[in-house]
Amino acid sequence: PGLFNSVIKGFAMEGRSDDAMKVFLEMQSQGVQPNVVTYNTLIDMLGKKDDLTEALRLYHDMKSMNIEPTVITFSTIINHLGKSNLVDQAYELWKEMMALGIRPNLILYNTLFKALGRSGHVDAASMIVKQMANDGVNPDAFTFSILISSLGKARKVRAAKALFERVKDKPGVVDVVTYTSLITAIGKSGKVYEAMRYFEEMKLRGHEPNVVSYSSIIDTLVKKGKIKEGYAYFQEMVQSGCDPNGITFNTLIHAFAKVGELKLTKSLLKDMEARGCGPD
RNA sequence: UUUGCCAUGAAUCUUU
């Protein structure tokens, strides 16, 4: 089924889910049995188009075909349930997985933290962090980015910072995304200068800010009325060869419009067109 | 050749 799976994946990546489903039927009519990878791929594809009903139907299908789900099956479904804010169902699946004796791996834990974090269940996530440690699964930069931004969205910025400070000297668990998560959390709490301090620390530690990092710090600054400072970061970003995207421009244009900076707004709109970032 | 095909993180606006 490997060949069919690759073809299905190809269609899935192009968003051609109906073609993918046709291949799925076609392989069966040729007597090739789909395997767990086939199902995982299709479930992920359906989840990406928010068709959770169909995704769950396939999950039940595979079980009735006696195809054993794997940890990937569960992280795929939990991921999409989380993104659809169906945390309770995500948590049910987590329990089902445990009941089946399937060991959660790093990605599964990260996915679950993300689902819990989105819905504000940061305390539940902290409990599971302990279980993860007991399981001998080591957190990575994804884990801390998820936990830190979840804490930030739950307005627990002190906890976010404490967590970050606790792990930032360990190798391999902090990267530009982890820093950006913290910078955003602090920025949204209104501590502009502290956000800037971490932004500078990030650069000093050799983590090159990317378009998301710059957009985040710019947003923090301009929302606090620090238009000049925000624009200075925009210039730094361009000079350092980091291309702004539609979100960067959107952030600046909103801010400029608010304070009536018509000239700068116009020049940004031009700049935007020149860069092929269509305004929306 | 413990082969190959599948899953996770950060930014703006909009919103219930």
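All values below come from the heavy atoms of this structure, side chains included, with hydrogens, waters and symmetry mates left out. Source: prediction; values computed, not measured. Each chain gets a letter, A, B and so on, in the order its sequence line appears, and its residues count up from 1.
- Looking at heavy-atom distances under 4.0 Å, Thr111(A) makes contact with sugar-phosphate atoms alone, never a base.
- In this structure, NZ of Lys114(A) is placed 8 Å from C1' of rA10(B), rounded to the nearest angstrom.
- At a cut-off of 3.5 angstrom, the base of rA7(B) holds at least one donor-acceptor pair with the side chain of Asn105(A).
- Residue pairs meeting the ring pair (Phe, Tyr, Trp, His ring centres under 6.0 Å) criterion with at least one member in residues 15-50 of chain A, sequence neighbours excluded, are Phe24(A)-Tyr39(A).
- Just one of Ile186(A), Thr178(A), Thr180(A) meets the side-chain contact (heavy atoms from CB on, under 4.5 Å) condition when paired with Ile148(A); it is Thr178(A).
- The two residues Pro34(A) and Met27(A) come nearest to each other via the heavy atoms CA-CE, 3.7 Å.
- Going from atom CG of Leu163(A) over to atom C1' of rG9(B) covers 13 Å, rounded to whole Å.
- Checking rG9(B), rA11(B), rA7(B) against every side-chain atom of Phe142(A), the shortest atom distance belongs to rG9(B).
- Using a 4.0 Å heavy-atom cutoff across all strands shown, Ala185(A) reaches no nucleic acid atom at all.
- When heavy atoms are screened at a 4.0 angstrom cut-off, Ser181(A) is found touching the sugar-phosphate backbone but no base atom.
- For the pair Leu269(A) CG and rC13(B) C1', the interatomic distance rounds to 14 Å; values are reported in whole Å.
- Side-chain nitrogen and oxygen atoms of Lys153(A) include at least one within less than 4.0 Å of the OP1 or OP2 phosphate oxygen of rA11(B).
- The phosphate of rC6(B) has neither OP1 nor OP2 within less than 4.0 Å of any side-chain N or O from Lys48(A).
- Within 4.0 Å (heavy atoms only), Asp140(A) reaches no atom of the nucleic acid at all.
- As rounded to whole Å, 15 Å separates atom C1' of rU8(B) from atom CZ of Phe144(A).
- Of all nucleotides listed (rA7(B), rC13(B), rG9(B)), rA7(B) comes nearest to the side chain of Asp44(A).
- No option in Phe164(A), Phe199(A), Phe144(A) other than Phe164(A) meets the ring-ring contact (aromatic ring centres under 6.0 Å, His included) test with Tyr179(A).
- The nearest whole Å value for the distance from the CG atom in Leu108(A) to the C1' atom in rG9(B) is 15 Å.
- The number of heavy-atom neighbours closer than 6.0 Å to CD of Glu208(A), taken from other residues, nucleotides and ligands shown, is 12 or below.
- Here Thr41(A) lies in heavy-atom contact (under 4.0 Å) with sugar-phosphate atoms only.
- In this structure, CG of Asn250(A) is placed 11 Å from C1' of rA11(B), rounded to the nearest angstrom.
- When distances are taken from the side chain of Ile72(A) to each of rC5(B), rA10(B), rA7(B), the shortest belongs to rA7(B).
- Judged by distance alone with a 3.5 Å cut-off, a donor-acceptor contact links the side chain of Ser75(A) to the base of rA7(B).
- Lys83(A) comes within 4.0 angstrom of sugar-phosphate atoms only, judged by non-hydrogen atoms across all strands, and of no base.
- Distance CD1 (Ile78(A)) to C1' (rU8(B)): 11 Å, rounded to an integer number of Å.
- Listed pair Lys9(A) / rA7(B) meets the phosphate criterion, a side-chain N or O lying under 4.0 Å from OP1 or OP2.
- When distances run from any side-chain atom of Val37(A) to the nucleotides rA11(B), rG9(B), rC5(B), the shortest one goes to rC5(B).
- Considering Leu182(A), Leu163(A), Ile146(A) in turn, Leu163(A) is the only one that fulfils the side-chain contact (heavy atoms from CB on, under 4.5 Å) rule with Leu151(A).
- In this structure, Thr70(A) reaches neither bases nor backbone, as no heavy-atom distance under 4.0 Å exists between it and the strands shown.
- Phosphate contact (OP1/OP2 of rA11(B), side-chain N/O of Lys188(A), threshold under 4.0 Å): absent.
- Looking at Asp175(A), its side chain comes within 3.5 Å of the base of rG9(B) through a donor and an acceptor atom.
- rA7(B) atom C1' lies 12 Å from atom CG of Leu106(A), rounded to whole Å.
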